[in-house]
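Here the structure comes first, spelled out in structure tokens, and everything after it is commentary.
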Amino acid sequence: MEGVSGEVGDFKVTLLKKARYIREDKCTGCTTCVEYCPVMVPDPFNQEIGKSKAVHIYFSQAIPLITYIDQSCLYLKEKKCGICETVCENDAIDFRQKDQLDQINVGAIILAPGFEPYDPRVVTEYKYGIFGNVVTSMDFERLLSSTGPYEGEIRRPSDQRHPHKIAWVQCVGSRRVTPGNNSYCSAVCCTYTQKQVILTKDHDSSAECTVFHNDIRSYGKDFERFYERAKNLSGIRFIRSYVTISREDPVTKNVFIRYATPNGVVEEDFDLVVLSVGLNPPKYSKELAQKLGIELEEHGFSKTEPFNLIQTSRPGVFVSGTFQGPTDIPESVFTASGAVSQTGQLLKHRKGKLATERVYPEEKEVAKEEPKVGVFVCHCGANIGRVVNVPEVVEYASKLPHVVHAQEQLFSCSTDSAKQITDVIKEKGLNRVIVAACTPRTHEPTFRDSLREAGLNQYFFEFANIREHCSWVHSMEKEEATKKAKDLVRMSWARAVRLEPLGEYELQVNKTALVVGGGVAGMTTALSLAKQGHEVYLVEREKELGGIVRRLHYTLEGLDVQGFLRDLIKEVYAHPLVHVITNARILNATGYVGNFVTRVQSDGFVKEIKHGATILATGATEYRPKEYLYGQDPRVMTNLELEERLAKGDESLKDLNTVVMIQCVGSRNEERNYCSRICCSQSIKNALKLKELRPDVDIYILFRDIRTYGFREDYYRLASDKGIRFIRYEPQSPPLVGVTDEGTLRVTVEDEILGNQLEIDTDLLSLAVAVVAPEGVEETALKFNATVGLDNFYKEAHVKLRPVDFGTDGVFVCGSAHYPKHIQEVINQAYGAAGRAMTLLSKETVTASGAVALVDQNACISCGACITVCNYGAISFEETPKGKKARVNPVLCKGDGLCTTKCPTGAVQLQHFKDGQIMAQLDAAKGETDILAELDRAVGE
Amino acid sequence: MAKVIELRQLHRLVTGKKYGDVMVLGGGISGIQASLDLANQGFKVYLVERAPSIGGHMAQLDKTFPTNECST
């Protein structure tokens, strides 16, 4: 991007499109040019560990899956070579391409430039680039990968041996104020290291793995269990110590690390050292900020609104992902959806004006025709072609009955190949199509589309997987693989001729949304949807809106929470499209995506709400501790109770001489095996406030790991600088709290560093108590067909990629109901849920698959087995003249076929996977005579 | 000569205007998600990426925690 002018609603962006030297419309990604290219270059995708060619595809699953020529090319440098141009059969090489300036006009901009892995070369102490066997975690990631430089074998740089004894050094570039390092915590390294440890043990179960760390920050959802999983593997050590990477063995090239132990400093050698590098702002962030006219915060990430991390300093420019600050993948995903929601608030009037809907030709009636099968066998570049003899498979397929066309294709999925399929269908009147290539997961939609383009029902398409199921797993047995490919094609053929056309279900979408929970999450989502023109019902259990945030007064960064909350509540009540129902109880909820009906009771009235989407934002609450004399001694309180006293200006707090805070009360134990994420920051926030009131107050924070991830680390440092003392305790010897005979509140804790019992007489004890799911969350979940996880927080559809969706379509989650979060994170996720809900609410209709279960009610014996087994509540009894019979709601059915396995009479059949279709496919695996012969052998004849 | 080319390009800019609703800068997991959500809502999107492929850093990862699923 070269520059931006104009303003919100009308930005003019100048782009410089770099020359690829490849005609994108001609290149099929066959990689012939790559094979012939004589120039080897370090592969940027593989962290320059492996080699690539001057012309190559960026990585095996690149999109677009075509080559590019890099500047190391001989022709580009000195007009020599040009072999690629000669060997390319598609005339796709174009050395005359130039970088091109282009201008686009847009209404809004979303910035998602990501991050730059910290480069440890800037500080010599890390010895990266100096000792051969010191790699970064990003390098190691590529070493682990099957598409990496050693095809998934972990080899070390110096001699390509498999390293057996590996050390990880945490916080490389992070949590340090020395030049060349970042002051903040990079937030993801602790957990990715644990992942790398687990994967290393998968590669070599006898590997010895050592992690040198300062705190283990497993603050995310399910991270604590993940940490325990890593910790409990054999041969794993987690050692808490700063380290020095001291020297390299001149002969073995092993790397020595010096670290502290209770018995003094020791030195130990490792085969390989992995630097767990942190997250820097994107490399070009300063330049980017200048061109965009946005401001950066002090660490070089995007500056944002205090309570809206998605809004940059320039109207109409939004930010998502790690440019907000170091974050993990789920946050990057929901802030993206959040940025979309805020874009929608701005540009709702433009929706659908520029984008065009695809129109398909009308479907031809072919079900009664004789089958006319077309078979397309894909080379997948060399993926299939180098193992399976593709022409032989084509030849074989062409001889199968009803097959009227068979051909090979280099990449069936490429745009022109897919179009070719459409053309052949039309030309030869095909009514069944088989593509023998990869998996339905990657390309079934592509080929179904080719059928629709030709006016053929898309359920006449059949996939034979000769890549994952054949060439990839039998790369050494070419002949056998070719034979298997033929078997697979024949099996697909047997099914294909029995396929039936199916209709899909078009459902009207109700444009109203229901938001359950009137805390900050629920209100933010509700407002964002309303601002995009949708009616929203916001139901809240309590008398007033606000949730747990009513008890929060300031953030670690010093923001005024109550002021923000007041404004938000006011805005919610003022918006004509938001209907607030407080004191509400949900009686029941029925329906399905786009068409839910929920009955809500409030103050004696029952309201029936029809809505298309549901957002669950039921929040979280504070654990009521039984430990540490809570409830027995008035000097013992929770963090929130202390915050309330601080906010009220309680004068007695100024008289405190000593304050103790205990972390992880009710968290990270057997009962609640998770980290409550926010309490470390909360304690530090209160401690700093107390220090403001009285600078000489003694404050002790008793902790297990301080988890001030991200920029919060700066406040941890500030607290240390202000003399707040941090004392670590082990879970097996927690602090003891008692009252002496004189009535003194006394906290006893083992001091690890001094190695003795420390007795602290304190005036106040504040407990950092766990964040827990509110009561009744399971019932709410049940009503909306949502799921809750082990710790009673809602369970999203996919922890990384669908962090605010549920498995049940049309239902979304946000806020602390998903997992404990800081207020800005809650707001991020609330916008995310609104963005996802908008993908549904902005449609007139939704389409449900035709491959669903169907009950033959004549064969149904009303046993209810199918109803019990269905995970989606898609089957119920209906009254018929012949009694109650099972009926499938096709909209709720996900087509998993569980019901068909349970039905004792075969009354339930999964469309598109009917018994007859599957049996025919299985029978075709072997000829009947083969099966008989095998049976004969089995019975000893 | 370079000036002439630049002028030609400028001319093309003026005549061949490209209108969209939103530009998403960066084709990593966040940019891809934003683009898909926008497109699914009927917005025309320009997704701009510096590298020869979209995917970003997530594509470089082997697996993702805490489920250890494949990243690409």
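In what follows, every chain begins at residue 1, and chains take the letters A, B, ... in the order their sequences are listed. Both backbone and side-chain heavy atoms feed into the values below; hydrogens, waters and symmetry mates do not.
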- Start with the C-alpha gap between Ile198(A) and Lys63(B), add the side-chain angles, then the distance that decides, and say whether side-chain contact (heavy atoms from CB on, under 4.5 Å) holds. CA-CA 11 Å; Ile198(A) 293 170; Lys63(B) 305 268 176 7; over 6 Å; no
- Distance-minimising heavy-atom pair for Ser30(B) and Ser320(A): OG-OG, 2.7 Å
- Message: Tell me which of these, Leu15(A), Ile329(A), Thr343(A), Thr335(A), has more heavy-atom pairs under 4.5 Å with chain B than the rest.
- Response: Ile329(A)
- Query: So which of Ala62(A), Ala108(A), Gly107(A) has the biggest tally of heavy-atom pairs under 4.5 Å with chain B?
  - Reply: Ala108(A)
- Task: Pick one of side chain, backbone, both or neither for Val333(A), based on which atoms fall under 4.5 Å of a heavy atom in chain B.
- Result: both
- Note on the structure: Highest number of heavy-atom pairs under 4.5 Å with chain B among Ala339(A), Gly316(A), Pro117(A) belongs to Pro117(A)
- Task: Under 4.5 Å heavy-atom distance to chain B, tell me which part of Leu801(A) shows up: side chain, backbone, both or neither.
- Result: both
- Considering only heavy atoms, which portion of Leu199(A) lies under 4.5 Å from any heavy atom of chain B: side chain, backbone, both, or neither? side chain
- Item | Minimal non-hydrogen separation, Ala34(B) against Val340(A), with atom names | O-CG2, 3.3 Å
- Note on the structure: Honestly, the part of Arg20(A) sitting under 4.5 Å from a heavy atom of chain B is side chain
- Task: Classify the side-chain pair Thr839(A)/Asp37(B) by whether it contains a donor and acceptor separated by less than 3.5 Å.
- Result: no
- Message: How close do Gln47(A) and Gln60(B) get, counting heavy atoms only, and between which atoms?
- Response: OE1-NE2, 2.9 Å
- Among Phe223(A), Phe45(A), Tyr192(A), the residue with the most heavy-atom pairs under 4.5 Å to chain B is Phe45(A)
- Message: Which atoms of Pro282(A) are under 4.5 Å from chain B, going by heavy atoms: the side chain, the backbone, both sets, or neither?
- Response: neither
- Item | Nearest heavy atoms of Tyr58(A) and Ser53(B), plus distance in Å | CD2-CB, 3.8 Å
- Message: For a side-chain contact (heavy atoms from CB on, under 4.5 Å) check, start with the C-alpha distance between His798(A) and Thr67(B), then their side-chain angles and the critical distance, and finish with the verdict.
- Response: CA-CA 10 Å; His798(A) 189 283; Thr67(B) 50; 5.5 Å; no
- Stacked cation flag Lys800(A) on Phe65(B), 6.0 angstrom / 45 deg: yes
- Task: Please flag which part of Val48(B) lies under 4.5 Å from any non-hydrogen atom of chain A: side chain, backbone, both or neither.
- Result: side chain
- Message: Test your reading of the model: is there a side-chain donor-acceptor pair from Glu141(A) to the backbone of Leu61(B), 3.5 Å cut-off?
- Response: no
- Item | Whether Gln41(B) side chain and Gly835(A) backbone form a donor-acceptor pair below 3.5 Å | yes
- Task: Name the region of Asn68(B), side chain, backbone, both or neither, that has any atom closer than 4.5 Å to a heavy atom of chain A.
- Result: side chain
- Met838(A) portion near chain B, given a 4.5 angstrom heavy-atom threshold: both
- Message: Does Arg225(A), at its CZ atom, have more than 12 non-hydrogen atoms belonging to other residues, nucleotides or ligands within less than 6.0 Å?
- Response: yes
- Item | Non-hydrogen side-chain atoms of Tyr19(B) and Ile104(A) separated by less than 4.5 Å | no
- Query: Do other residues, nucleotides or ligands put more than 12 heavy atoms under 6.0 Å from the NZ atom of Lys201(A)?
  - Reply: yes
- Note on the structure: If one checks every heavy atom of Ala39(B) against chain A at 4.5 Å, the contacting part turns out to be neither
- Counting N and O atoms only, with roles assigned by atom type, does the side chain of Arg350(A) sit under 3.5 Å from a partner on the main chain of Gly20(B), one being a donor and the other an acceptor? yes
- Task: Go through the atoms of Ser332(A) and report whether side chain, backbone, both or neither lie under 4.5 Å from a heavy atom of chain B.
- Result: both
- Task: Would you mind checking which part of Asp328(A) comes under 4.5 Å of any heavy atom in chain B, side chain (CB onward), backbone (N, CA, C, O), both or neither?
- Result: side chain
- Query: Checking Lys351(A) against chain B: side chain, backbone, both or neither under 4.5 Å from a heavy atom?
  - Reply: both
- Message: Using heavy-atom distances under 4.5 Å, tell me whether Leu65(A) contacts chain B through its side chain, its backbone, both, or neither.
- Response: neither
- Against chain B, label Ile63(A) side chain, backbone, both or neither, depending on which of its atoms sit under 4.5 Å from a heavy atom there. both
- Side chains of Phe334(A) and Gln33(B): closer than 4.5 Å at any heavy-atom pair? no
- Message: In the structure I gave you, are the side-chain heavy atoms of Val22(B) and Val106(A) within less than 4.5 Å of one another anywhere?
- Response: no
- Taking the side chain as C-beta and beyond, is there a heavy-atom pair between Leu38(B) and Ile110(A) under 4.5 Å? yes
- Query: Looking at Pro66(B) and Arg229(A), what are the two nearest heavy atoms and their distance?
  - Reply: O-NH1, 4.4 Å
- What part of Lys18(A) lies closer than 4.5 angstrom to a heavy atom of chain B: side chain, backbone, both or neither? neither
